[in-house]
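Scroll down for the structure; my scribbles are underneath it.
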Amino acid sequence: KVDVLALGTETDAELADLAEKTGGKLYFASAKTESADFIAAMSDSVSNHVDSKDQPVTVMSRDLNFTNPSEEQIETVKLDSDLGRQTVFTLTHDKTDSIEMIIIPPIKKTTYKGIANTKVNMIEYVVEGNAEPGDWKVNITTVGSNVLSTRKTRLRRSLIVTSKQKRVKGSAPPLDVVTAHASLDTLTVAEMTADTRIKAFVRVGRGEVPVLGASVKMVISRPIGTSQEVNMLDNGSGSDITANDGIYSGYVTPRQLNAAGEYNIVAIVDGISGQVKVPIKQTRTGAPPTSWDRADAGSVRDTKSIDGFRRDTVAGKFRLLQFNADVNRVDRVAPDEISDMRVEVTSDKEVTLHWTAVGDDGDQGTAYIYHIGASTDGAQLRTNFNATSQCCNATAPDAIGLQLIKGALKPQTAGSKESVTLKVTKNVPGANSQLYFSVVTQDKAGNQGVPSLPVSVSFLEPKFADTSSNNGNLSN
């Protein structure tokens, strides 16, 4: 694998192709080697290629841009109990301003002042011994006469915090520290269309075991304008293939693209105490598992809570060669296909459908409405959905007579769990027949996703009566 780090706004096409062909990463950084994106890219590339369990973990990597240098800026850094050895706070900055960095530990017995290195425009502080876990505060202020001279200048500062695993009584570091590694499935997009999807992955694990319940988002730095944020999920829906495998996924869609050029992706992983967990596999000794297979995901039942944490990781960058403004001028991005539909029979006359909500644009946002179809022909639901019986749609055919008795057809936010209970009010033709169900998600602009793969129930002895002839009284 060959990684390529591009400095500035342009990347040599041949070098970018080399990274893509070898399965490496393409990184983007400003032309300044003291920037956060440069340091984070170098750290990520080294950690991906060096076979060592003692690499520094990037706890935070953030660019701080603001226009009022006289005001104090406070950043919170969450340091978990697995880390603490050789913890380094690094602040890089423009050459034109003078800065102080004051570090306050969780237990405020004292404060630490960063040491400036004017040759490389950097302030650094290394915590002696093992840094205590908890929320560290970093206070950044501009001092001296430069406050006035820089008041109208947009200053660029970058804060990077790294730490290593603690040693226990001089032994080697433990192998179960939480780490996060991100990547992209595409490095070059030739032309932007309504179907354009760039998929980002973040593998969050403690050793070989997945970390579940983390809050993960990707920050998309664009060629022009402000950055965009997209939630990344591990729920087996939308862009995510398998639930509970510790691989969080998300799409960059045309809605986040605003110009031809290079887009840099950084993933921010927040593990909130009480929410983040690791699965427990039964072993003969009762010890935690040493490996994890994707086949074990999805059916996770036994878990244990772990301490909260924060990790930043660089996914890399991709290039958009041709921007199409027409795609963004009108919403043409359809919701994703629902991929985890399941059905249960709650009585001989009712069925309940369960699925995970997709979004307005792919797997992001909130869609507008669901269309629920049913047919004795499963293939018809995929090939000619509009010709099937549909719940609560007065203009659709109604050979089966679907009636919504619980739940709603208005979608929740992407990633939410959905369920509806339906009553079949007309006869299902044929003994031992199967009835198939599928759901289509539609956004407010009228874009419809692909019908979900049909799920089916069997009616051994059809007992459904046509309510049109008995005033709504079901007979056996």
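These numbers were taken from a predicted model, which means no experiment stands behind them. Side-chain atoms are counted along with the backbone in the values below, which use heavy atoms only and exclude waters and symmetry mates.
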To the nearest 0.5 angstrom, please state how far the [atom1] atom of [X] sits from the [atom2] atom of [Y].
{"X": "N447", "Y": "D361", "atom1": "CG", "atom2": "CG", "answer": "8.0 Å"}
{"X": "D340", "Y": "S237", "atom1": "CG", "atom2": "OG", "answer": "5.0 Å"}
{"X": "L212", "Y": "D245", "atom1": "CG", "atom2": "CG", "answer": "8.5 Å"}
{"X": "Q380", "Y": "Y436", "atom1": "CD", "atom2": "OH", "answer": "12.0 Å"}
{"X": "K317", "Y": "L187", "atom1": "NZ", "atom2": "CG", "answer": "10.0 Å"}
{"X": "L353", "Y": "M341", "atom1": "CG", "atom2": "CE", "answer": "5.5 Å"}

Inset, instruction - Sort out for me which residue in V269, D270, T76 forms a side-chain contact (heavy atoms from CB on, under 4.5 Å) with R310. - result: D270
Inset, instruction - Indicate yes or no: does D307 engage K78 in a salt bridge with an N to O separation below 4.0 Å. - result: no
Legend entry - Salt bridge D360-R255, side-chain N to carboxylate O under 4.0 Å: no
Could you report the tightest heavy-atom contact between [X] and [Y], atom names first, then the distance?
{"X": "E191", "Y": "T196", "answer": "O-OG1, 3.8 Å"}
{"X": "Q403", "Y": "T425", "answer": "CB-CG2, 4.1 Å"}
{"X": "S239", "Y": "D336", "answer": "N-OD2, 4.0 Å"}
{"X": "A414", "Y": "D363", "answer": "CB-O, 3.3 Å"}
{"X": "S452", "Y": "R382", "answer": "C-NH1, 3.5 Å"}
{"X": "G308", "Y": "S273", "answer": "N-OG, 3.0 Å"}

Inset, instruction - Check the angle between the aromatic planes of Y370 and W355 and answer parallel, tilted or perpendicular using the 30° and 60° thresholds. - result: perpendicular
Legend entry - Stepwise side-chain contact (heavy atoms from CB on, under 4.5 Å) check, T253 with R197: CA-CA 5 Å; T253 73; R197 301 283 192 278; 4.1 Å; yes
Inset, instruction - Check Q364, Q228, R222 against Q256 for a side-chain hydrogen bond (donor to acceptor under 3.5 Å, both in side chains) and give me the one that passes. - result: Q364
Inset, instruction - For D240, enumerate each residue passing the salt bridge (charged side-chain N to carboxylate O under 4.0 Å, His left out) test, keeping only those at least two apart in sequence or located in another chain. - result: none
Inset, instruction - Using the side-chain contact (heavy atoms from CB on, under 4.5 Å) rule, take V211 and R311 through it: C-alpha gap first, then chi angles, then the decisive distance, then the call. - result: CA-CA 12 Å; V211 172; R311 300 287 185 269; over 6 Å; no
Inset, instruction - Carefully, step by step, assess V204 and F309 under the rule side-chain contact (heavy atoms from CB on, under 4.5 Å). - result: CA-CA 11 Å; V204 186; F309 62 88; 4.2 Å; yes
Inset, instruction - Determine whether more than 12 heavy atoms belonging to other residues, nucleotides or ligands lie under 6.0 Å from atom OH of Y368. - result: no
Inset, instruction - Could you tell me whether K444 atom NZ has more than 12 heavy atoms of other residues or ligands within 6.0 Å of it? - result: no
Inset, instruction - Pick out which of K166, K164, R206 makes a salt bridge (charged side-chain N to carboxylate O under 4.0 Å, His left out) with D82. - result: R206
Legend entry - Intermediate values then yes/no, side-chain contact (heavy atoms from CB on, under 4.5 Å), F437 and L422: CA-CA 11 Å; F437 295 88; L422 304 169; 4.0 Å; yes
Legend entry - E418 side chain vs P411 backbone, donor-acceptor pair below 3.5 Å: no
